[in-house]
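Step one of this worksheet: look at the structure below.
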Amino acid sequence: MAEFNPEKITFKVQRYNPENGGAPHLEKFTVPFNKGMTVLDGLLYIKENIDSTLSFRASCRMGICGSCGMLVNNYPHLACHTQIEEFHSDKLTVRPLPNLSIIKDLVVDLTPMFSSHKQIKPYLIRGEAGMEDPNAEFAQSPQELNTFLQFAYCIKCGICLAACPTSASDRLFLGPQAMAQCYRYCADSRDQGQKERLPLVDTDHGVWRCHLAGACSEACPKGLDPALAIQLLKRQLAAEALGLGKRRPPSPVVPPIKESKPKVPYPDFTVKKEK
Amino acid sequence: MRRTRLHLLHMFSGIAIAVLAGIHMVALHLEEVLAFFGVDASEPTSWGAMIARSSQGIWVGIYIALLAFLLYHALYGLRGIILELTPSARKERVITWLFVVVGIAVFIWGSYVPISLLSS
Amino acid sequence: MKQTAPRSNYLGVGGWIWAGNYKLERYLYLLHRITGLGMLLFLTFHLTATTVFRIQGQEVWETTMALLSNPWLKAGEYLVAAAFVYHGMNGLRLILQEFGFLLGKPTPPIYPYKDALRKKRLWVVVMMVVIFILALVFLFDFIV
Ligand code: SF4
Ligand code: FES
């Protein structure tokens, strides 16, 4: 492929200002291109040099905080995680993520996602022993860790919601993000909250509204696989409903170490202390 | 686990339809292919062939079972699509009950006809 | 400060059809839905023909059948048969995958990321080949 090195990149950015009213419209900006430039760098250049009223959200610039999800050339990306070079085109169209509400320009309201995330109880739930008095850790093998590890990497960017066809029309739908987190905690060997959590996704707008379009997994910038998590959650629900499968006991608490190894003796002082 | 059971039934009815409607379609559409295998099924839609089928208990049984599974599968599927469009729990309840009533009514009518023809 | 409610940006039914440049499964889902609705429409006609018209005796039945042998309606019937094959086979894949089969196990994400559906794309291809063959068999019978 030919070296991609244009002089300038044309950004078409969707603008919308709630205070002026009016419909969202595209605005053109021309930005000089440097090698290694990300979409976010381009937006920052516009904000610093061309139009300081442009609003977008970004914080870490390294794909960790999940605030910069946006639709670049009709595909959801993290702006900081996406090099302009990837598109092999000197025209970029940047829009806010769909299936969420626009607050201003490229800033979308992620509240619905966070509230459904909260709804599925995204924390370890333990029985009687409880989590109140944590004085030891729970045992977990690397294999057990691998069953959910990838889902723990979610940065809550909302890109999977923008990709999901059910989220497009169903506002009560929990969304791939929340359901992947539900699986993440249900599959955790230290967790005992299945009984509380499964009924929350077993609703008319829960797991069974997922039709395995797989767009969420395709788009997720962190390599999570929400579609897989939802199918595994369905498997758990079906096993529960049919009374199949065996219950795993929650992982035990690691007993405190009884005898400590003999201490390494201190070497003698090489310098005599003066008395 | 109520929704899960309903959905499992949806999946099961899907498999049942694939089998029963598969029989139905092969018998009514694939006459050339069947002839190749030595089964004579010419003109399956003629009045004579149809009456012959509808006087056999096995076909009537297949039709009624197929109807039941089809109605459940289709109406549950359609309800799912409609639920993705209505953000109101009250409307959803109305739709669900409407579908139940329609389903039962169609089932009664649809199974009354072959049973009444069975004796004629 | 003036407070304004955020502007809704839900794609609605349009978002079922197109929301960006996605790959195969998203359109298989769409086709599944369309074939399902199409067959439901067919079912209403079909049930009317086989109950309301049939119960009125031989003559009504034969005129109905003569009406239905119109080549356009025959082509429509073929579409229903093809939709049945697609919906059935894709449905079978969906049932298996919704129970977590043919998807593999969760693995730690290692760049370049590849999700379960894409790792197991072969199954989808196998399913589509089977659909294609079955659809051809039905086509053969509709034209001879
Ligand atoms: S699952 Fe992926 S796409 Fe969805 S919010 Fe988490 S990191 Fe973003
Ligand atoms: S700025 Fe933090 S993820 Fe892009």
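Side chains are part of it too, since the values below use all heavy atoms of this structure and drop only hydrogens, waters and symmetry mates.
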Close side-chain approach of [X] and [Y], heavy atoms under 4.5 Å:
X	Y	answer
A:Lys222	C:Pro109	no
C:Pro106	A:Tyr183	yes
C:Tyr10	A:Ser101	yes
C:Tyr29	A:Cys210	no
A:His211	C:His32	no

Max heavy-atom pair count under 4.5 Å with chain A, selected residue of [options]:
options	answer
C:Gly15, C:Pro108, C:Gly12	C:Gly12
C:Leu103, C:Leu30, C:Leu28, C:Ile110	C:Leu103
C:Arg7, C:Arg33, C:Lys23	C:Arg7

Under 6.0 Å from the [atom1] atom of [X], do we count more than 12 heavy atoms belonging to anything else shown?
X	atom1	answer
A:Arg61	CZ	no
C:Gln56	CD	yes
A:Lys12	NZ	no
C:Trp123	CH2	no
C:Lys119	NZ	yes

From [atom1] ([X]) to [atom2] ([Y]), nearest 0.5 Å:
X	Y	atom1	atom2	answer
C:Lys114	A:Ser217	NZ	OG	13.5 Å
C:Glu98	A:Leu237	CD	CG	11.5 Å
C:Phe99	A:Leu232	CZ	CG	12.5 Å

Inset, instruction - With sequence neighbours excluded, give me every salt bridge (Lys or Arg N to Asp or Glu O under 4.0 Å) pair touching residues 165-187 of chain A. - result: A:Arg184-A:Asp188
Legend entry - salt bridge (Lys or Arg N to Asp or Glu O under 4.0 Å): pairs with one or both residues in residues 63-89 of chain A, sequence neighbours excluded: A:Lys35-A:Glu85
Between [X] and [Y], is there a donor-acceptor pair closer than 3.5 Å when you use the side chain of the first and the backbone of the second?
X	Y	answer
C:Asn9	A:Leu97	yes
A:Asp109	C:Pro6	no
C:Asp115	A:Leu224	no
C:Gln97	A:Leu212	no
A:Gln231	C:Gly100	no

Just give me the residue among [options] that pairs up with chain C most often, heavy atom to heavy atom, under 4.5 Å.
options	result
A:Ala163, A:Ala238, A:Ala215	A:Ala163
A:Asp225, A:Leu233, A:Val108, A:Thr147	A:Asp225
A:Asn73, A:Asn146, A:Leu149	A:Asn146

Legend entry - Contact class of C:Arg118 relative to chain A, heavy atoms under 4.5 angstrom: side chain
Legend entry - Atom group of C:Tyr27 that falls short of 4.5 Å from chain A, counting heavy atoms: neither
Legend entry - Residue pair C:Tyr22 / A:Glu218: nearest heavy atoms and the distance that separates them: CA-OE2, 3.5 Å
